[in-house]
Number of protein chains: 2
Amino acid sequence: MTRWLDDDEQHAWRSFLAASQVIQEELDRQLQRDSGMPHAYYAVLVRLSEAPERRMRMSELAAGVNSSQSRLSHAIARLEERGWVRRLPCPADRRVSWASLTDAGHDVLAAAAPGHVEAVRRCLFDRLTPEQTGQLAAICAAVLGERRS
Amino acid sequence: MTRWLDDDEQHAWRSFLAASQVIQEELDRQLQRDSGMPHAYYAVLVRLSEAPERRMRMSELAAGVNSSQSRLSHAIARLEERGWVRRLPCPADRRVSWASLTDAGHDVLAAAAPGHVEAVRRCLFDRLTPEQTGQLAAICAAVLGERRS
DNA sequence: TCAGTTTAGTTGAACTCTCAAGTTCTTGGG
DNA sequence: CCCAAGAACTTGAGAGTTCAACTAAACTGA
């Protein structure tokens, strides 16, 4: 009844799991060590820094970093404690909050970025040919495509 | 100074992050919902079930599931509470513990496996061509290869 | 109008993971 | 033989994530 994985799939699956874990852990460790934040928080700062006026609605921001609303809410609370983000009420719809990157947050991000990019290169792109980089993008696009529910 | 990511790399990187997060979360949710355990614990049970006599030293097991010793120690403590794993002292070297899969643990694993494989297919292999499966394996092998430190 | 539904976001508890420190045991050189 | 160094594992505290429940505000249609 169950369609088990064949040998190729089994191998690809285990390699994928190991590789994605190794990358996640390496990035988390690097950012925690050098900038005192987990990768998820870094992603929030990046996304905010790219938004017009460096601010976004909580739910947009959550979608933009693949996070649940709850997780983002906790994360923003932490980032607010550190003075890197501020919450602003939205006059047009009072259910909505804006998250806004502060100047201090922007500075922290600018300081963290070079080391982070270096880590990304070291654990991913330095190990791939340009052709493989393209293949990876296509594979990930297929995984993300037409996602239901 | 910093070698920033070019457009292709930027795109590949963000796709990869999103895809691997989506897959991780989907699997975690499925296993938690249907079998009451996180994916990391499932991996421990799988690895143990494949070992001779269904038991392994803690440090081998940790390496086998890409886990730190500390994380594994906590995980085995939980799994032991549920009666799915037992710890056995090693007579030859008294620093060593064996983790051993119980019959109950084996049954739980057997019950969890079909739903898990189905989820893996749904979120990964059903979306890839066989060629892409091979490419993914090669890419992940490159990421994992010759890892120092 | 207003009751019911949907949307936005927050909160608290339970759980997992990380990091640093600690315990117990083995090993290797003097 | 003995002690310092290293190895195997555990522990506890702190931090992040998840889930379900909750508040508050905005729609919807009868």
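Just so it is clear, the model here is predicted, and its values are computed rather than measured. Chain letters run A, B, ... following the sequence lines, proteins first and then strands; every chain starts at 1.
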In residues 89-98 of chain A, what donor-acceptor pairs under 3.5 Å come from side-chain atoms, sequence neighbours left out?
| residue | atom | partner | partner atom | Å |
| --- | --- | --- | --- | --- |
| A/D93 | OD1 | A/R95 | N | 3.0 |
| A/D93 | OD1 | A/R95 | NE | 3.2 |
| A/D93 | OD2 | A/R95 | NH2 | 2.9 |

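Residue A/V96 is the one, among B/D93 and A/V96, whose nearest nucleotide of DNA chain C lies closer to the 5' end (criterion: closest heavy atom).
Taking both residues in full, the closest heavy atoms of B/M37 and B/A112 are given as CE-CB, 4.2 Å, listed atom of the first, atom of the second, then distance. Taking every heavy atom of both residues into account, A/Q24 and B/Q21 meet most closely at NE2-NE2, 4.1 Å. The two residues B/R71 and B/N66 come nearest to each other via the heavy atoms NH2-O, 3.5 Å.
Counting to the nearest Å, the P atom of C/dT18 and the CG atom of A/L27 are 14 Å from each other. Nucleotide C/dT16 holds its C1' atom 15 Å from the CG atom of B/L31, rounded to whole Å. Whole-Å rounding puts the B/R33 CZ to C/dC15 P distance at 19 Å. Separating the CD atom of A/Q24 from the P atom of C/dC17 is a distance of 14 Å, rounded to the nearest angstrom. Atom C1' of nucleotide C/dT18 and atom CD of A/Q21 are separated by 15 Å, given to the nearest angstrom. Here C/dA14 presents its P atom at 14 Å from CD of B/E81, a figure rounded to the nearest Å. In this structure, CG of A/L88 is placed 16 Å from C1' of C/dA8, rounded to the nearest angstrom.
Between B/R3 and B/E9 there is no salt bridge, since none of the side-chain N atoms of the basic residue sits less than 4.0 Å from a carboxylate O of the acidic one. With salt bridges taken as basic N to acidic carboxylate O contacts below 4.0 Å, none links B/R121 and B/E118.
A search for side-chain contact (heavy atoms from CB on, under 4.5 Å) contacts involving A/T102 returns A/R86, A/A104, not counting sequence neighbours.
Contacts with DNA chain C (heavy atom under 4.0 Å) in residues 108-115 of chain B: none are found.
Distances shorter than 4.0 Å separate some side-chain N or O of A/S59 from OP1 or OP2 on C/dG9.
Applying the salt bridge (charged side-chain N to carboxylate O under 4.0 Å, His left out) definition to pairs two or more places apart or across chains, those involving residues 28-41 of chain B are B/E26-B/R29.
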Fill in the blank from the handout: Expected string for nucleotides 11-24 of chain D under the B/S/- scheme (protein heavy atoms, under 4.0 Å, primed atoms plus P, OP1, OP2 as sugar-phosphate) is BB---SSBB-----
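In the hydrophobic clustering, A/V22 connects to B/L144, either directly or through intervening members, whenever side-chain heavy atoms lie under 4.5 Å apart.
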